Undergrad: 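First, the structure itself, so that you have it in front of you.
As the structure is a computational prediction, the values presented were derived from the model and not from experiment. A note on names: the letters A, B, ... follow the listed sequences, proteins ahead of strands, and every chain is numbered from 1.
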Amino acid sequence: MLCWRDERKITTVMQAAYAQFTSAILSASTAHWRADRSTPYPTFRNYVRIEKNWLSSSTAISTLNRSPARSYSESFYSSCLMLPRSTRIILHTLLPSQSHAVLPYGIDEIGFEHFYAELMRTATTRLKIVFRLAVWCALWISPLLIGRAPPLTRYEDATRARALAAMAQSRFYLVRQMLLVLKLVVGLCYGADPSVRAALNYPVATATPEGNPRT
Amino acid sequence: MIFDGEKEQRAIEADFDYIIVGSGAAGATAARVLADTDASIALVEEGPAVQTAEFVEALFPSMRRIFRDMTMLTTRGRAMMPIIQGSCLGGSTVVNSGISWRIPDDVWEPWRAQFGLGDALPLSQLHAHWDLIERELAVQATPRAVWGENNRLMDVACSKLHVSGFPTQRNVRACHGSARCLTGCPFGAKQSMLVSYVPYAEQRGATLFTSARVDRISIKGEHALGVRGHFHQPTLKTNIAPFTLRARKAVIVAASAIQTPLLLHRSGVRAAHLGQHFQAHPGCSLVGVFDQPVRSWFGATQGYEVDEHRGDGRFKVESIALPLETLCAALPGVGVQWLANIADAPHMAIWAVQLRAFAEGTVRNSFLGTEVRYDLTPRDMANLRRALRFTAELLFAAGAREIITGVHGMPERLHRPDDLKYFDSAPADPAAYTFILSHLFGTARMSVRAQDGVVGTNFCVHDMRNLYVVDSSLFPTNLGVNPQLPIMGVAMHAARQLAEREQH
């Protein structure tokens, strides 16, 4: 029978092994990415590091708004798991892929994962709380507006879209505002995306004024 | 000399003749005047020192970097209105469209007659200051070459309806028409304080403290001794190091109509009117969809305005080029319908109403942070409905195919001029509309008697000897016009008085 000291020892060994294992998996899964890019892989752990570097860098503003997402495969980003599944489903309903001739770009194509991580890292607490409230409202309140039981993730695309559209018509001001918050956050990413801007003939958002002559 | 709070790792203590809190239109203008004297000046700015080359087109990094609280500070009341303020070196002048109006006579007259401020703010002297400022900041009508289609269409509408409209007067030198005023002019063409009066003062010896939040003004009896605060990381709000600045002559507060009363209150100033009488210009917009491309990304951001009903209806209509990110959020629909609306963006003209509201609110600190209570009055809502109807009329006159109203309880789109009747029965509840709030006034109003306001006619806080307020919080009413130039004129007047007083 193990005494409590042995148990503690075993726990420590197991924790160390687990850390080694996850580290190896992480290392293997991101090797191709790290080989290509000088910036760190966008896991939560690395974002803490980026943040520390960013604090000491005055040029952060010109580098942080770039969205590298389209360079990487879907499986790569699904492995990040930065965006909760329910949030992804809601935003996918709001901005579906391959559904419009001019703007075939949906939430999956515009690098929202990266943007979301950055939003959670640098946005004001108020914005983060309000965004989460908006997601919660879309998940649990919007189905009720069309006479369905929540959560929203239970339904197919058309029903989900109907439920979100009902938020815009709700008699409750706060519910309408929650949809506006969702659209604002998604719009911040969507409107800055180079492909979207190119599709609309908008000048591509560049980091320096020299790169963006208008006249 | 500049102390960048983001890089400072050590506590700083220093003595200056004048300490100016805030580097926006008021603070920078005061610094510009006092820098011409022999006095030593500290210009303290809560936001970061962002250079012209750092301004980016994408809205999110700009919101994070140069807007206060990422524009997430909203009013509390029937409708939540986001309050738009710049928070960087140069203040809100960095993120406005540079529209420059003098205080109209019909606005100044009640100041004289009702509030007794005719001697404190003599219009003739203010005009002399405005002459100088307009020369120095190159205020001129938006040249036709950079109107772009958005502004041109408004001109067409005014001609068709025979209403008073004209290109906006803006403080811009050699505008590129990049439509990026709202996220900081990337060419340095807009003569914001960042590229005009702040460098002017710095070259003449003023010391700049950026990313430096003033926590309180040290007050002993009737004297303001200086300010205490922290260098901080402005986005994450993390403190880095403390600073203490002592004022030999005066502390001048120019931190905006929201921050000024809060700072004064934190510092122990008590007055019944402090934080009261908060006034503003709520803005509400309509989107016109045209058959031909409007391409609002080219042209002056706000290059044309209509003041036909500034007097009788208390509103002004302005063209505005919103960043695509904001426009996306403002468009109706979900899923495919939303995408279809976004795809129409190049054909959209956005014209906004700027309302001179009667409403008064309050500003105070609460345990949840800054609390701004503000509710439009029924008279304001009547004016708003009239203003929106008028704007829609202009859009149809300019040839809009349809108008997206964005008003809950009204049809989402209007297709023909007959549909304008819907505005007559539009909801009277502010919650049905989407507003933004800019141009803030009145929270430390000037008064002849101490019991009627916060600041005396010499710009000094009542019962204090050397604590001055020079920003729009001392204005007794809102203006109905863009306040940048009035604020500068008043700040220049205050600073000159102060300099003359010290010389004698």
Undergrad: Can you tell me which portion of S296(B) sits under 4.5 Å from chain A's heavy atoms? Options are side chain, backbone, both or neither.
TA: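 For S296(B), the contact with chain A is made by the side chain alone.
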Undergrad: Could you walk me through whether E46(B) and S87(B) satisfy the side chain to side chain donor-acceptor pair (under 3.5 Å) test, starting with their C-alpha distance in whole Å, then the side-chain angles of each, then the deciding distance to 0.1 Å, before giving a yes or no?
TA: CA-CA 7 Å; E46(B) 181 179 359; S87(B) 181; 5.0 Å; no
Undergrad: Give, as side chain, backbone, both or neither, the part of T125(A) having an atom under 4.5 angstrom from any heavy atom of chain B.
TA: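 Contact with chain B is absent: no heavy atom of T125(A) under 4.5 Å.
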Undergrad: For R295(B), is it the side chain, the backbone, both, or neither that has a heavy atom closer than 4.5 Å to a heavy atom of chain A?
TA: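 Neither part; nothing is under 4.5 Å.
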Undergrad: With a 4.5 angstrom heavy-atom cut-off, which part of Y202(A) approaches chain B: side chain, backbone, both or neither?
TA: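 For Y202(A), backbone and side chain are both near chain B.
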Undergrad: Under a 4.5 Å heavy-atom cut-off, does chain A meet the side chain of M63(B), its backbone, both or neither?
TA: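 Only the side chain of M63(B) comes within 4.5 Å of chain A.
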Undergrad: Measure A145(B) against the heavy atoms of chain A and call it side chain, backbone, both or neither at under 4.5 Å.
TA: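 Neither part, no heavy atoms under 4.5 Å.
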Undergrad: Using non-hydrogen atoms only, which part of R176(A) is less than 4.5 Å away from chain B: side chain, backbone, both, or neither?
TA: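 Just its side chain gets close to chain B.
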Undergrad: Specify whether F112(A) and F131(A) have parallel, tilted or perpendicular ring planes, treating 30° as the upper limit for parallel and 60° as the lower limit for perpendicular.
TA: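 Plane angle between 30° and 60°, so tilted.
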Undergrad: Keeping E325(B) on the side-chain end and L59(B) on the backbone end, is there a donor-acceptor pair under 3.5 Å?
TA: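 Pair found, side chain donor or acceptor close to backbone of L59(B).
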Undergrad: Answer yes if the side chains of R213(B) and N239(B) hold a donor-acceptor pair under 3.5 Å, and no otherwise.
TA: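 The answer is yes; a qualifying pair exists.
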Undergrad: For the pair E6(B) and R65(B), find out whether any cationic side-chain nitrogen is under 4.0 Å from an anionic carboxylate oxygen.
TA: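 Salt bridge between E6(B) and R65(B), a charged N being under 4.0 Å from a carboxylate O: yes.
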Undergrad: Using non-hydrogen atoms and a 4.5 Å limit, figure out which bit of L368(B) sits close to chain A: side chain, backbone, both or neither.
TA: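 The backbone, not the side chain.
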Undergrad: With a 4.5 Å cut-off on heavy-atom pairs, point out which of L119(A), V185(A), V102(A) contacts chain B the most.
TA: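 Winner by heavy-atom pair count: L119(A).
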